[in-house]
Participant: 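Below is a structure I'd like to ask you about.
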Amino acid sequence: MTATHLTDRLPFSPNITAATAVRVLQQVSRDRGSTALLLGIPCMLMVLLKLMFHDAEETFERVGPQVFGIFPVIVMYLVASVSTLRERTSGTAERLLTMPVRRLDIVLGYSLAFAFLALLQAVLSTLLSVGPLGLDIKGPAYLLMVIAMLGALLGLALGLLVSAFARNEFQAVQFLPAGVLPQFLVCGLFVPRDEMHGALAAVARAMPMTYAVQAAGEAATHTGVTGVFVRNAVLILGCVVLVLLASAATLKRR
């Protein structure tokens with residue numbers, strides 16, 4: 001079977017997906033505010049966290065790794081939802097769908113573009129944290145990068161999905177308290193999950209951010225990759241895939 005036949009059998013077109021990713025990267029690079037928000041805010045928040053716990057080093061060592069599963073979700077959600085909503089409201093997405101383009105091509109193109117930006121974000125925040133900020137973890141530093149990357153992908157997927165229901169950028173931001181902040185409160189950062197009320201503990205188990213925080217804790221307290229870390233990473237990735245498929249389903253041809 002030739003490579004062309006294999007490509008035709010795929011549920012998406014690699015060429016169109018790559019072209020979409022390049023276009024999105026070019027668009028984001030022209031928006032300096034979004035680029036600064038995406039790459040700089042997680043680093044700034046880590047610096048702020050270090051200053052807050054300057055006289056409580058043990059608290060910083062406990063909280064520092066866990067926020068790698070939180071900050072990227074919030075930042076990527078904001079950037080992805082607003083950027084995608086602009087394309088929807090400007091008619092760019094609709095014009096693409098009048099062409100022989102699969103809906104999955106568009107979603108995967110956005111995902112690839114923001115995944116590249118998420119990788120840069122994860123590298124910068126990890127190098128800053130384990131370097132100048134002196135965050136001491138028992139496991140290898142690349143595990144924090146993995147958590148930050150997965151968190152950013154989760155925020156991306158949620159942002160793409162929310163952009164289908166918001167009519168303007170303000171509404172996209174309004175979805176943040178409903179979809180992301182509850183996860184922040186029950187993820188285990190403030191109170192361990194096993195000490196929560198039974199109903200809250202059940203809600204926490206359904207929230208992907210909970211597993212991001214738990215995986216980050218595993219990276220900080222164990223010298224290698226643990227089974228709990230792998231399980232949580234797979235669960236987060238599964239949530240990302242499901243939400244991206246739901247985002248693809250919201251794109252309608254006109």
Participant: Measuring only between side-chain heavy atoms, which start at C-beta, is M46 closer than 4.5 Å to F68?
Facilitator: yes

Participant: Can you check whether P65 reaches I147 side chain to side chain, under 4.5 Å on heavy atoms?
Facilitator: no

Participant: Would you mind reporting whether S125 and F71 have side-chain heavy atoms less than 4.5 Å apart?
Facilitator: no

Participant: Which atom pair, heavy atoms only, marks the closest approach of A219 to I137?
Facilitator: O-CB, 4.3 Å

Participant: Show every side chain to side chain donor-acceptor pair (under 3.5 Å) that has at least one partner inside residues 36-64, sequence neighbours left out.
Facilitator: K50-E57

Participant: For M207 and Q183, which heavy atoms make the closest approach, and how far apart are they?
Facilitator: SD-CG, 3.3 Å

Participant: If every non-hydrogen atom of P132 is compared with every non-hydrogen atom of L127, which pair is closest and at what distance?
Facilitator: CD-O, 3.5 Å

Participant: Closest heavy-atom contact between Q121 and A152?
Facilitator: OE1-CB, 3.9 Å

Participant: Consider only side-chain heavy atoms of I, L, V, M, F, W and Y, link residues closer than 4.5 Å, and tell whether Y77 and L120 are in one cluster.
Facilitator: yes

Participant: With a 3.5 Å distance limit and no angle check, can you tell me whether S129 reaches the backbone of T126 through a side-chain donor-acceptor pair?
Facilitator: no

Participant: Spell out, yes or no, whether L244 and L235 are grouped together once hydrophobic residues are joined by side-chain heavy atoms under 4.5 Å, including indirect joins.
Facilitator: yes

Participant: Mind checking the CG-CZ spacing from L38 to F114? Nearest 0.5 Å is all I need.
Facilitator: 7.5 Å

Participant: Applying the side chain to side chain contact (heavy atoms under 4.5 Å, CB included) criterion to F184, which one of V213, L189, L176 satisfies it?
Facilitator: L189

Participant: Minimum heavy-atom separation for M196 to V186, with atom names?
Facilitator: CE-O, 3.2 Å

Participant: State whether the side chain of S81 and the backbone N or O of L78 hold a donor-acceptor pair below 3.5 Å, judged by distance alone.
Facilitator: yes

Participant: Heavy-atom distance under 4.5 Å between the side chains of L117 and L25, does that happen here?
Facilitator: yes

Participant: Taking a hydrophobic cluster as the set of Ile, Leu, Val, Met, Phe, Trp and Tyr residues connected by side-chain heavy atoms closer than 4.5 Å, whether directly or through intermediates, do L144 and V228 fall within one such cluster?
Facilitator: no

Participant: Please say yes or no: joined through hydrophobic side-chain contacts below 4.5 Å, possibly via intermediate residues, are L237 and L154 part of one cluster?
Facilitator: yes

Participant: For the atom pair OG1 (T210) and CG (N232), what is the distance rounded to the nearest 0.5 Å?
Facilitator: 9.5 Å

Participant: Any chance you could measure L158, atom CG, to I74, atom CD1, to the nearest 0.5 Å?
Facilitator: 11.0 Å

Participant: Is the shortest side-chain heavy-atom distance between V230 and V225 below 4.5 Å?
Facilitator: yes

Participant: Does the Y211 side chain pair with the main chain of R205, one donor and one acceptor, at a distance under 3.5 Å?
Facilitator: yes

Participant: M76 and F116: same hydrophobic cluster, using ILVMFWY side-chain contacts below 4.5 Å?
Facilitator: yes

Participant: Minimum heavy-atom separation for L49 and G64, please, with both atom names.
Facilitator: CD2-CA, 4.0 Å

Participant: Sequence neighbours left out, what passes side-chain contact (heavy atoms from CB on, under 4.5 Å) with T221? Give chain and number order.
Facilitator: none

Participant: Out of curiosity, L156 CG to M149 CE, how far, rounded to the nearest 0.5 Å?
Facilitator: 9.5 Å

